[in-house]
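Structure record follows, encoded as structure tokens.
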Amino acid sequence: MGGLGLVPDPHGGRRAPRVRALRPALDPVGAAPTAGAAGHGIILGTKPQTPATGGPDAMPDFADASYRDAFRHTASHILAQAVKRLYPETKLAIGPTIENGFYYDFDHDGSFTPEDLTAIEAEMEKIVRDHYMVERFELPRAEARALMLEKGEPYKVELIDDLPADAAISFYKQGEFTDLCAGPHIQNTSAVRAFKLTSTAGAYWRGSEKNKMLQRIYGTAFPDKKQLDAYLAAVEEAKRRDHNKLGRELKLFTTVDYIGQGLPILMPKGAKIIQILQRFVEDEEERRGYQLTKTPFMAKSDLYKISGHWDHYRDGMFVIGDESKGEEALALRPMTCPFQFQVYLNESRSYRDLPMRLNETSTLFRNESSGEMHGLIRVRQFTISEAHIACTPDQLEEEFRGCLDLARFMLEAVGLDEDVSYRFSKWDPNNRDKYIGDPEKWDAAQALMKQILDHLGLDYVEAEGEAAFYGPKLDIQIRNVHGKEDTLITVQIDFQLAERFGMEYTDRDGTKKNPIVVHRTSIGCYERTLALLIEKYAGAFPAWLAPVQVKLLPIAERHAEYAEKVAARLREQGFRVETDAREEKIGKKIREAQLEKVPYMLVMGDKEADSATVAVRSRREGDLGTMPLDDFTDKLGSEVRMRVRP
RNA sequence: GCUGAUGUAGCUCAGCCGGCAGAGCAGCUGAUUUGUAAUCAGCAGGUCGUGGGUUCGAUCCCCACCAUCAGCUCCA
């Protein structure tokens, strides 16, 4: 089932990085119109290059990412053109191509209703039918500005004013509609035969919450209806795999309005999976030289003042007590580091103690803003296997490598090793308030991290402004069913907190030094990992993770006793078993066990009871025939040991 | 926090222009004792998210709040 857990892109295109609002609209692509281009296969306004498809008359290849992007970029202009026709007072912002579609941001009074979208789609149909040629032209800055002022487009004027001095200022015109745009576009609106406006949303102008919120319309477009329908069907399929839906259906978790947002209840089956994962993680960490700690869930503000959380993370914390009223303030912990450092500080350390690897399965509390919560992916309380490694500079690379190796081992074990991407998260030097420490320390830590990443040969993207407040991170991200990426694992290098907490070691030469601290997680943000696993396996977990591994299905009431015996035998051997002893027909019991996604069903009637055997049914493969119970337990046992994927 | 949508039985969903709340599945009871994806019948189940307001009368209209979803911003 390739592309596990994704919205399949029907054209197998390389995925773009997660959308950043400002990205494509104004990348000046220093462009000249493709000379003599004819037909809508040609991309208009790209850097001179060999035609993607071999010649002006060749059919364009929608699988080609540059053509597809130009195609959808033109679709976004068709959208904007339709909106301007229907709502002339609307101001245009930006309208880039994104993965699987496009959007356009408008400054529009009120919002776009579903009826509005239908009307806009109808208008777009007309624009497509009218076969407008798309023309590109450039203007000097002053004229470009004048044109946009004349058209009453303040956002476009602002964009022009922010363009670098040497940028070509290009426009694209189709019919009566002209838009400031870097392109590229296809040459005729008629190619956009199949499209759909998929949703509306608010989005801040230029991605800053200080700015006005604009109305965004999302859509997607394809050369023909068949491809559009295939895409929409894939989106529907992804919804069926959504952990938030499946996880509730399978009774893994639930939420309760009057408990609050981001505070899921893990039901017995969900809790069981998390327990299995947690034991697996802790055992592996112990094998790799980590020592387990258990530290408090809250602390006085004093601790967070030392760590920097009080000044740089307070909005993210649940604080009890108000210092401004002279009360003692306590805060629930949003991270484990300042607590675990106390273990290091408990006695004086020497270089011989390093590296010191401390792990803890800790429950953390973060006061996420109210619009952020989502199923098990974004919650306010979660449990994570964190570790902090204190080491010397020469040990750092080795330790970092060890963290990455552990992360990969675990991802491979649970089956999340595909769909992984690496992000090197750096600080934003223009936003000093967010971070502790001076630029020299940041530069040093980031340079070192980059060097290590490059030594490891990782294929990563860099992200400015994504660092933790105390240091840069390597974020290991996993795509969910909807194609969105979430950080599951992070490895961070910290040059700062050891000094703040006075953590030292005596080196060989007798001098005191601060250790470097590596902060790392594993797959052990258990709620999020569970969410991703639900989506990965569509709820049908591998046997080693399945909350119920075997369902016993006695044919009739008289077989219940035999079923109980078999259940007891299986439980003795550590298997997770349920028995369906209802007075129902076997077909119904099987159907329900299948829907519960239990890996194995054991059907037992007179034949099996008489011969001490079981009729094995695999959820995936159906009836496997009758066999002695031991044969089945051998099979299941090895599947569990080997962590076989379904 | 911001924009928008949504909230009816445990679940999935009907419920017109304001006039006593409906189905299927699940549950319970009875019958059936069943051989690889749904046996039949009956019963029970709802302060229509919560709190205000308008109205003779509110699931329906208005306001606030809570929660969920799609995004934005933020983030494991």
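Residue numbers begin at 1 in each chain, while the letters A, B, ... track the order of the sequences. The structure presented is a predicted model; accordingly, all values stated were derived computationally and were not measured.
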(message) Taking the ring of A:His243 and the ring of A:His482, is the distance between their centroids below 6.0 Å?
(response) no

(message) Would you say CE of A:Met298 has more than 12 non-hydrogen atoms from neighbouring residues, nucleotides or ligands within 6.0 angstrom?
(response) no

(request) Mark this stacking check for A:Phe382 against B:A76 as yes or no, applying ring centres under 5.5 Å and ring planes under 30°. (result) yes

(message) If we check side-chain contact (heavy atoms from CB on, under 4.5 Å) with A:Arg408, which of these qualifies: A:Asp405, A:Leu406, A:Leu404?
(response) A:Leu404

(message) If the test is side-chain contact (heavy atoms from CB on, under 4.5 Å), which one of A:Val517, A:Val518, A:Ile436 qualifies with A:Asp494?
(response) A:Val517

(message) Quick check for you: to the nearest 0.5 Å, what is the distance between A:His388 atom NE2 and A:Leu497 atom CG?
(response) 8.5 Å

(message) Let me confirm one number: the CD1-CG distance from A:Ile377 to A:Asn480, rounded to the nearest 0.5 Å.
(response) 6.0 Å

(message) Is it the case that the side chains of A:Thr487 and A:Arg528 hold a donor-acceptor pair, with the cut-off being a distance below 3.5 Å and no angle test?
(response) no

(message) Within the 3.5 Å criterion, strictly below it, is a donor on A:Arg206 or A:Ser208 matched to an acceptor on the partner's side chain?
(response) no

If you go through the side-chain atoms of [X], does one of them form a donor-acceptor pair with the base of [N] closer than 3.5 Å?
{"X": "A:Glu608", "N": "B:G35", "answer": "yes"}
{"X": "A:Tyr204", "N": "B:G1", "answer": "yes"}
{"X": "A:Glu372", "N": "B:U73", "answer": "yes"}
{"X": "A:Glu557", "N": "B:U33", "answer": "yes"}

Would you kindly give the [atom1]-to-[atom2] distance between [X] and [N], to the nearest whole Å?
{"X": "A:Asn431", "N": "B:U73", "atom1": "CG", "atom2": "P", "result": "15 Å"}
{"X": "A:Ile217", "N": "B:G4", "atom1": "CD1", "atom2": "P", "result": "14 Å"}
{"X": "A:Ile586", "N": "B:U34", "atom1": "CD1", "atom2": "P", "result": "12 Å"}
{"X": "A:Arg617", "N": "B:U36", "atom1": "CZ", "atom2": "C1'", "result": "5 Å"}
{"X": "A:Arg206", "N": "B:U73", "atom1": "CZ", "atom2": "C1'", "result": "16 Å"}
{"X": "A:Tyr103", "N": "B:G71", "atom1": "OH", "atom2": "P", "result": "13 Å"}
{"X": "A:Phe112", "N": "B:G4", "atom1": "CZ", "atom2": "P", "result": "12 Å"}

[X] side chain, from C-beta outward: closest of [options]:
{"X": "A:Leu595", "options": "B:U73, B:A37, B:C72", "answer": "B:A37"}
{"X": "A:Arg558", "options": "B:U36, B:U34, B:C75", "answer": "B:U34"}
{"X": "A:Arg591", "options": "B:U73, B:U36, B:A37", "answer": "B:A37"}
{"X": "A:Glu368", "options": "B:G1, B:U39, B:C75", "answer": "B:C75"}
{"X": "A:Ala556", "options": "B:G1, B:G35, B:U33", "answer": "B:U33"}

Could you give the distance separating [M] and [N] at their [atom1] atoms, to the nearest angstrom?
{"N": "B:C75", "M": "B:U55", "atom1": "P", "result": "49 Å"}
{"N": "B:G10", "M": "B:A44", "atom1": "C1'", "result": "13 Å"}
{"N": "B:G53", "M": "B:C25", "atom1": "P", "result": "41 Å"}
{"N": "B:C60", "M": "B:A21", "atom1": "C1'", "result": "12 Å"}
{"N": "B:C56", "M": "B:C13", "atom1": "P", "result": "37 Å"}
{"N": "B:G42", "M": "B:G49", "atom1": "C1'", "result": "33 Å"}
{"N": "B:A26", "M": "B:A38", "atom1": "P", "result": "12 Å"}
{"N": "B:U12", "M": "B:C69", "atom1": "P", "result": "13 Å"}

Using the test ring-ring contact (aromatic ring centres under 6.0 Å, His included), find all partners of [X] that sit at least two apart in sequence or belong to another chain.
{"X": "A:Tyr460", "result": "A:Phe424"}
{"X": "A:Tyr155", "result": "A:Trp205"}
{"X": "A:Phe106", "result": "A:Tyr104, A:Phe112"}
{"X": "A:Trp442", "result": "A:Trp427, A:Tyr435"}

(message) Tell me whether the NZ or CZ atom of A:Arg619 lies within the 45° cone about the ring axis of A:Tyr537 and under 6.0 Å from its centre.
(response) no

(request) Take nucleotides 59-67 of chain B nucleotide by nucleotide from the 5' end and write B, S or -, depending on whether a protein heavy atom sits under 4.0 Å from the base, only from the sugar-phosphate, or from neither. (result) -------SS

State whether [X] places a side-chain N or O below 4.0 Å from either non-bridging phosphate oxygen (OP1 or OP2) of [N].
{"X": "A:Lys245", "N": "B:U68", "result": "no"}
{"X": "A:His374", "N": "B:C75", "result": "no"}
{"X": "A:Lys434", "N": "B:C75", "result": "yes"}

(message) By the rule that syn is within 90° of 0, classify the base conformation of B:C61 as syn or anti.
(response) anti

(message) Go nucleotide by nucleotide along RNA chain B from the 5' end; which of A:Gln492 and A:Lys607 gets its closest nucleotide reached first?
(response) A:Lys607

(message) With nearest nucleotide decided by heavy atoms, which residue, A:Met373 or A:Val379, maps closer to the 5′ end of RNA chain B?
(response) A:Met373

(request) Assign A:Lys473 to base, sugar-phosphate, or nothing according to its heavy-atom contacts below 4.0 angstrom with the strands shown. (result) sugar-phosphate

N/O contacts under 3.5 Å, protein versus nucleotides 25-29 of chain B?
{"unit_1": "B:A26", "atom_1": "OP1", "unit_2": "A:Lys588", "atom_2": "NZ", "d": "3.0"}

(request) Could you note down all residue pairs passing ring pair (Phe, Tyr, Trp, His ring centres under 6.0 Å) where residues 461-481 of chain A supplies at least one of them, sequence neighbours left out? (result) A:His309-A:Phe469, A:His312-A:Phe469, A:Tyr470-A:His519

(message) Among residues at least two apart in sequence or on other chains, which ones pass side chain to side chain donor-acceptor pair (under 3.5 Å) with A:Glu360?
(response) A:Thr293, A:Thr295, A:Arg333

(message) Please enumerate all residues that pass side chain to side chain donor-acceptor pair (under 3.5 Å) together with A:Thr626, with sequence neighbours excluded.
(response) none

(request) Scan residues 307-316 of chain A against RNA chain B and write down, sorted by residue number, each residue with any heavy atom closer than 4.0 Å; if none is found, say none. (result) none

(request) Determine the stems involving RNA chain B; a stem requires 3 or more consecutive pairs of the Watson-Crick or G-U wobble kind, each with both distances below 3.5 Å, and the answer is none if no such run exists. (result) B:1-7 with B:66-72, B:10-13 with B:22-25, B:27-31 with B:39-43, B:49-53 with B:61-65

Please table the atom pairs, donor to acceptor, closer than 3.5 Å between any side-chain atom in residues 601-609 of chain A and protein atoms at least two apart or in another chain.
{"unit_1": "A:Asp606", "atom_1": "OD1", "unit_2": "A:Arg558", "atom_2": "NE", "d": "3.1"}
{"unit_1": "A:Asp606", "atom_1": "OD1", "unit_2": "A:His559", "atom_2": "NE2", "d": "2.6"}
{"unit_1": "A:Asp606", "atom_1": "OD2", "unit_2": "A:Arg558", "atom_2": "NH2", "d": "2.9"}
{"unit_1": "A:Glu608", "atom_1": "OE1", "unit_2": "A:Gly605", "atom_2": "N", "d": "2.8"}

